[in-house]
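Heads up, the thing below is written out as structure tokens.
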Amino acid sequence: MATIDGRPAQYGISLKQLRELMEHRGREGVTKISELGGVHELCKKLYTSPNEGLSGSKADEEHRRETFGSNVIPPKPPKTFLTLVWEALQDVTLIILEVAALVSLGLSFYKPADEDAPLLQEEDEHHGWIEGLAILISVIVVVIVTAFNDYSKERQFRGLQSRIEGEHKFSVIRGGEVCQISVGDILVGDIAQVKYGDLLPADGCLIQSNDLKVDESSLTGESDHVKKGPDTDPMVLSGTHVMEGSGKMVVTAVGVNSQAGIIFTLLGAAVDEQEAEIKKMKKGESDGRPPMKESSHAVAPTQYASEAIKSESDGNHVQPSTTSAAETGHKKEKSVLQAKLTKLAIQIGYAGSTIAVLTVIILIIQFCVKTFVIDEKPWKNTYANNLVKHLIIGVTVLVVAVPEGLPLAVTLSLAYSVKKMMKDNNLVRHLDACETMGNATAICSDKTGTLTTNRMTVVQSYICEKLCKVLPTLADIPQHVGNLVTMGISVNSAYTSNIMPGQNPTDLPIQVGNKTECALLGFVQALGVKYQSIRDEIPEDKFTRVYTFNSVRKSMGTVIPRPNGGYRLYTKGASEIIMKKCAFIYGHEGTLEKFTRDMQERLIREVIEPMACDGLRTISIAYRDFVPGKAAINEVHIDTEPNWDDEENIMSNLTCLCVVGIEDPVRPEVPDAIKKCQRAGITVRMVTGDNINTARSIASKCGILRPNDDFLILEGKEFNRRIRDSNGDIQQHLIDKVWPKLRVLARSSPTDKYTLVKGMIDSNVTDNREVVAVTGDGTNDGPALKKADVGFAMGIAGTDVAKEASDIILTDDNFSSIVKAVMWGRNVYDSIAKFLQFQLTVNVVAVIVAFIGACAVQDSPLKAVQMLWVNLIMDTLASLALATEVPTPDLLLRKPYGRTKPLISRTMMKNILGQALYQLVIIFGLLFVGDLILDIESGRGQDLNAGPTQHFTIIFNTFVMMTLFNEINARKIHGQRNVVEGLFTNPIFYTIWIFTMISQVC
């Protein structure tokens, strides 16, 4: 019999059986698992151990991958270069140009039998076809450049996707050790640890769970959280979010065999079928419209749905690169810049179309009047050529009028910034968030981990009426109290929280998991007790009940069986909350005392508040015993197992063991970063679940509270009282009275955070309306992160749910990285404004020259090919040159633009009109008197098929040179006098500038 790694190669259960098993829910699922002999028997069939996990040997892993598949859902293949070329060809103006060029080319070879016409010179015949061919070549170049840009953009996004996929790690047990592995490496048979905030990467059956609730809306559409447990509903599915609790599961299906994978596969098949159907329909149609556009629109909803499932299931957080911002629809509104650009593009489109149509009409009327009325000539077929030439001039005016380079400039600028922002610890998930951040007027920041280091340590303790400002030793604490404290902390902490030794002996220990719990475990170690040996005695499967931490409880409780019968509840949480539930406390020398209301108030006044004013987070630890025999004063007598669901009664009459003060120092770089924000016109607000005194202390240290400012510090309850009317409804006018002065919101719930963010965004109190950024790390921060204009999730402390809801992930959880995001965002906005200033100058000049030229001399001084060349170098190369400017600290010295300020400022308008006027004077001077000044043959009034003239070539060269030097001017948009400043800091800019100059001269 074949063996793998010392076990049979044949598993006790097949892939098909596992897939069928995962289709059952609730009681049905419990029945199916019991038919297999229970979850432990299932583990045996998969050759895995519930406590040790997989062996971790390479042969075993490879065999599992071959048998059950890997945890990767194959992405939709990227569009090929030829597909992108075909899509670029769909542009309406390009199609008109292509048709006109082909007609022109055909007519240049068309020789009608016309006796009256004088014989054309041979040279003219040679030149006749050049323009048509040149236009076609220009169109091909434009198409290839556009397709190449799209292609590189797609590749960049796929790189970003794989980077984010690599970031998504999950806890599994292998060889008896808990380790973090990439979700792509998870195998069937792995024992995975599931905790609050996780996005599940595979399907599995629960071995053990504590108060586990899962949001399955991504798969079922049901918004209610589903309670999970080995005896109630043991099936947990990929793509779902853990909203509460923790547990351990054996992985039963991965990749395309998981529930999310099956849906994704079905969606992928549906997309292919739909595309095939549309192609059939297209063949049946006779209207000859280009098929690509139609099919891509019809497929879009399904395609994005499949991408969404993909992002849910395999940790892929990035929207597909081919979607436009409007289509992805992850925000309710367009971003600030998008809204302004859309408005501008529509205005330019209307103006360009009007002028183009007018140009064609004037040229045709002039030609007809001159030929048929004044000269009284009859119609000849050769005149069709003249009409096509007039149409080409009109279309060229339209091409030049519309800044096609604008989307390219936006994309390049954003893509360039996103790449650079990665180095500044900003992982951008939604491109538009990058530039929106530049307009931010307010940042609502968490405290823990963002403003502080999130390296927590216990620095003060209050045990048995002794307040210690240095850590006590175990000998200083009465033995029975010491045992209860060390056991209460070790057992009543998530077993995923651990303190690991540093890589080098001199390094600080590494805190893994919840940092507050790590601080408490560090306190146990400092007392000289090994918390792991206590955990080994009481493994998780011995727990009777776990009340996991959530934002409503603000505490955590664990019930374990007592050795002599009965149960013991350990609990820890925010001091004020635990104190209210305590009826007893250990006093001097460890004597048990009644904990009266007066004692509680004294303890809060003399111990908890002073700790909080020092910026410490205070945590209380308490316990309660349920005994079958004779009960002591602080115990409860029970005959049967208590009703653990009656949480209010279970968590009452507790005995307080100790209060500890945990320090989380302010990050050294934060005060300076907040100063920069305030100088840049951005108000920083702290929104925290912590005590109001702790929050005030940290906010003062950070510089959020400044001594002479008029500010508000509120607790969540007071905030809600102020913003709700007599019926308890939130009113915008009441929020408007609170938020402008609010700087710290303490003891706040995630709902309060959402209410504040929504209230600020909807407010019209300020002229430009607020653009709000929010930081969050918890599962319940999701709504606020989604509602904010820019949501920042913590890359280290953040849950998967928070990351899913965010726009940017801070890979170092550091507030100063947000300031860098502001700088890059402003740089993107300014880069696009620079390009617009430059592009609109070119457009205004070229359109006016073509229009007036057509009216005055019946011909455009700038020919179609020349305009396309200008369009190409100005649109593509200039957008690349101006979009890659590096941000400077000066960007943080101005106020944000806000939502309503126009994209083209007064200074920019002056620059555009001033430069355009100068260029027009020169060009028209050369057009009308240039031939006399330079003593050359005039290019005005030339025949239709005449070759290029020296006169018009000089005009063209002059125009390009003026435009090239204006590109240097365009680098400054705030009225700076020295336009050359910083020119050599951007090698891309001067390389492109020199290349364009050489191309033009050659």
Side-chain angles (χ1 to χ4, degrees), residues 74-95 97-98 136-165 268 271-272 275 290-297 299-300 303-304 306-307 310-311 316-328 399 402-422 428-432 434 828 831-832 835 868 871-884 988 991-992 995-996 999:
K76 207 172 163 44
K79 289 183 179 177
T80 62
F81 185 72
L82 286 175
T83 311
L84 293 169
V85 166
W86 176 246
E87 284 183 3
L89 279 167
Q90 308 305 308
D91 189 80
V92 180
T93 46
L94 285 182
I95 290 171
L97 264 182
E98 288 157 23
L136 276 183
I137 290 169
S138 302
V139 167
I140 289 164
V141 171
V142 169
V143 164
I144 287 171
V145 167
T146 310
F148 178 75
N149 280 312
D150 285 345
Y151 185 69
S152 56
K153 185 173 76 177
E154 180 142 338
R155 277 183 55 199
Q156 231 169 4
F157 273 111
R158 289 197 177 254
L160 186 62
Q161 284 177 346
S162 56
R163 161 84 195 260
I164 292 176
E165 280 171 36
V271 170
D272 295 339
E275 279 177 345
M292 270 306 294
K293 285 278 176 185
E294 293 287 317
S295 63
S296 64
H297 282 302
V299 170
Q303 178 187 339
Y304 300 137
S306 66
E307 288 287 347
K310 177 178 191 299
S311 73
N316 174 1
H317 301 305
V318 176
Q319 252 113 20
S321 57
T322 49
T323 58
S324 71
E327 287 168 324
T328 53
V399 169
V402 177
E404 300 93 353
L406 200 50
L408 184 62
V410 174
T411 304
L412 283 171
S413 187
L414 289 172
Y416 175 74
S417 301
V418 165
K419 213 170 179 184
K420 294 284 184 188
M421 282 171 79
M422 271 192 187
V428 181
R429 296 183 57 242
H430 297 128
L431 268 190
D432 56 353
C434 181
V828 167
S831 293
I832 290 157
F835 176 73
L868 282 172
N871 208 39
L872 184 72
I873 61 165
M874 297 314 155
D875 273 8
T876 309
L877 298 178
S879 62
L880 184 60
L882 292 167
T884 52
I988 299 175
T991 308
I992 286 174
F995 171 75
T996 315
S999 304

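In what follows, residues are counted from 1 in the order of the sequence shown. Side chains are part of it too, since the values below use all heavy atoms of this structure and drop only hydrogens, waters and symmetry mates.
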- Qualifying residues under side chain to side chain contact (heavy atoms under 4.5 Å, CB included), relative to Phe995, sequence neighbours excluded: Leu877, Ser999
- Determine the minimum heavy-atom distance between Ile992 and Ala881, stating which atoms define it. CD1-N, 3.8 Å
- Work out which heavy atom in Val143 is nearest to a heavy atom in Leu89; give both atom names and the distance. CG2-CD2, 3.6 Å
- Message: Please enumerate all residues that pass side chain to side chain donor-acceptor pair (under 3.5 Å) together with Thr80, with sequence neighbours excluded.
- Response: Thr83
- Item | Straight-line distance of Leu882 CG to Ile988 CD1, nearest 0.5 Å | 11.5 Å
- Query: Nearest 0.5 Å, what's the CG-CD1 distance between Leu84 and Ile144?
  - Reply: 12.5 Å
- Task: Please assess Val828 against Ser417 for the test side-chain contact (heavy atoms from CB on, under 4.5 Å), listing each intermediate value before the final yes or no.
- Result: CA-CA 7 Å; Val828 167; Ser417 301; 3.1 Å; yes
